[in-house]
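These notes concern the structure reproduced below.
Worth knowing before you read on, the calculation uses all heavy atoms, side chains too, and leaves out hydrogens, waters and symmetry mates. Order of the sequence lines sets the chain letters (A, B, ...), proteins ahead of strands, with each chain counted from 1.
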There are 2 protein chains.
Amino acid sequence: MRNFDEMPGHLARRFQQIAVAVFHGEVGEAGFDLTPVQFAALSAIEANPGLDQATLAGLIAYDRTTIGGVVDRLVQKGLAERNASSTDRRARVLQITDQGRDTLERIDPAVDAAQHMLVRGLTEDEAETLMHLLRKAIDAGNDLSRAPQRTAWTAASHERIKPAK
Amino acid sequence: MRNFDEMPGHLARRFQQIAVAVFHGEVGEAGFDLTPVQFAALSAIEANPGLDQATLAGLIAYDRTTIGGVVDRLVQKGLAERNASSTDRRARVLQITDQGRDTLERIDPAVDAAQHMLVRGLTEDEAETLMHLLRKAIDAGNDLSRAPQRTAWTAASHERIKPAK
DNA sequence: ATCATATTGACAGTATACTGATTATCAGTG
DNA sequence: CACTGATAATCAGTATACTGTCAATATGAT
């Protein structure tokens, strides 16, 4: 058998697999029914009220065909709202609801716990190094995926959030 | 918006996302139609002829409900065979076909290229460090996922491949 | 031998992710 | 204003992954 332990791709899959399991464990135990993806989306919606789905996808690097279903489930749970844009009839603008804001606030400790649990085998320095190297590799590979992270404007203010690099 | 760049879970998702895209890119360009998961499974079957699906799942840390479909597709492509076990009527034993062996041999350069592409933003030392830290974090978190990596015996020889730690 | 327990593989159901295509709409050009 | 090209969202189809459940079978303790 090839030595998968030396293939970054295999390690990537295992690490992500564990990350999702840990998130479900911590967050589920705290009484919430949110997936990692739903949490990230809701968090981005809270911070950028009125953004459209394409911008949301770019902000957290989702595929644009995936985001529709994610938002569907957030809306169905009463955590977000989706409405037609008044300025672009193609776009749907997103807002967080009071319930969504409340959920985010109360879920934070569990999310924090999950992040720490995920690197529980590493010292603090090692965890820092791991994240630094992951970020570096991700930045270099950003354009290689169908869903690259993108700079964004808030649909509401048309003001650039992140400066062009 | 919460700072996802400091959440190992988010970085895990992005890194895996890019890993899959890179694999598809390199391997697809080389003319093959194998996913990362199918490649790993086929490779493990080659190295452990006659293993059953549960053992396969443990070897490469798949969920056992996922492995069935993966093997289905390998069989359908003519790369592997699945037969009833003669010693355990519950189990299905797996074998690689000549075509499967041939595919693995010819696909290797593309897989190698993908692994390098994935860490193209890092120096060789950094890539080594990244893999070391990922392995360390994964080892500590192994039991947290539904599909932990397990030691295995070959169904054929009943000989332990990896010693109990 | 028998019974409690564990294991193997399968199923239904849900949630990510992707490819590739389509529709509706917008924005810039001539 | 008409036309071209880009963009927002959706759809159909495929492949991972997981939860929870089940039937068939194996194994270990008594």
**Asked** Taking CG from A/Leu51 and C1' from D/dA8, how many angstroms apart are they, rounded to a whole number?
**Response** 13 Å

**Complete:** From CG of B/Asp72 across to P of D/dA17 the rounded distance in Å is 16 Å

**Message:** Quick check on DNA chain D: between A/Val20 and A/Gly68, whose nearest nucleotide comes earlier from the 5' end?
**Reply:** A/Gly68

**Message:** I'd like to know if B/Asp102 pairs up with B/Arg106 as an ion pair, taking the criterion as any Lys NZ or Arg NE/NH1/NH2 lying under 4.0 Å from an Asp or Glu carboxylate oxygen.
**Reply:** yes

**Request:** Apply side chain to side chain contact (heavy atoms under 4.5 Å, CB included) to B/Asp108 and list each qualifying residue two or more places apart in sequence or on a separate chain.
**Result:** A/Arg2, B/Phe39

**Request:** Return no unless some side-chain N or O of A/Thr35 is found under 4.0 Å from OP1 or OP2 of C/dT16.
**Result:** yes

Contacts under 3.5 angstrom, residues 113-120 of chain A side chains, donor-acceptor by atom type, not counting sequence neighbours:
residue  : atom : partner  : partner atom : Å
A/Gln115 : OE1  : B/Gly9   : N            : 2.9
A/His116 : ND1  : A/Asp112 : O            : 3.1
A/Arg120 : NE   : B/Ala140 : O            : 3.1
A/Arg120 : NH2  : B/Ala140 : O            : 2.7

**Prompt:** Any side-chain N or O of A/Gln17 less than 4.0 Å from the OP1 or OP2 oxygen of D/dA17?
**Reply:** no

**Prompt:** With no hydrogens and no angle check, is any side-chain donor or acceptor of B/Tyr62 less than 3.5 Å from a backbone partner on B/Val70?
**Reply:** no

**Prompt:** A/Phe23 CZ to D/dA17 P: how many Å, rounded?
**Reply:** 19 Å

**Request:** Report the distance from atom CZ of A/Arg89 to atom C1' of C/dA27, rounded to the nearest whole Å.
**Result:** 15 Å

**Message:** Rounded to whole Å, please give me the gap between CG in B/Leu42 and C1' in D/dA15.
**Reply:** 16 Å

**Request:** Would you please name every residue forming a side chain to side chain contact (heavy atoms under 4.5 Å, CB included) with B/Asn3, sequence neighbours left out?
**Result:** B/Asp5, B/Glu6

**Complete:** Rounded to whole Å, the CG-P distance (B/Asp63 to C/dC11) equals 15 Å

**Message:** Side chain of B/Val37, heavy atoms from C-beta onward: which of C/dC11, D/dT16, C/dA15 has the nearest atom to it?
**Reply:** D/dT16

**Complete:** Hits for side chain to side chain contact (heavy atoms under 4.5 Å, CB included) against B/Arg101, two or more places apart or cross-chain, chain-then-number order -> B/Glu46, B/Ile96, B/Asp98

**Request:** Nearest whole angstrom, please: distance from the C1' of C/dA17 to the CD of B/Gln16.
**Result:** 10 Å

**Message:** From CZ of B/Arg73 over to P of D/dG13, roughly how many Å is that when rounded to an integer?
**Reply:** 16 Å

**Fill in**
Taken in chain and number order and not counting sequence neighbours, the residues that satisfy side chain to side chain contact (heavy atoms under 4.5 Å, CB included) with B/Asp88 are B/Ser85, B/Arg90, B/Ala91

**Asked** How would nucleotides 2-9 of chain C be written as a contact map, 5' to 3', with B for base contact, S for sugar-phosphate-only contact and - for no contact, using protein heavy atoms under 4.0 Å?
**Response** -----BSB

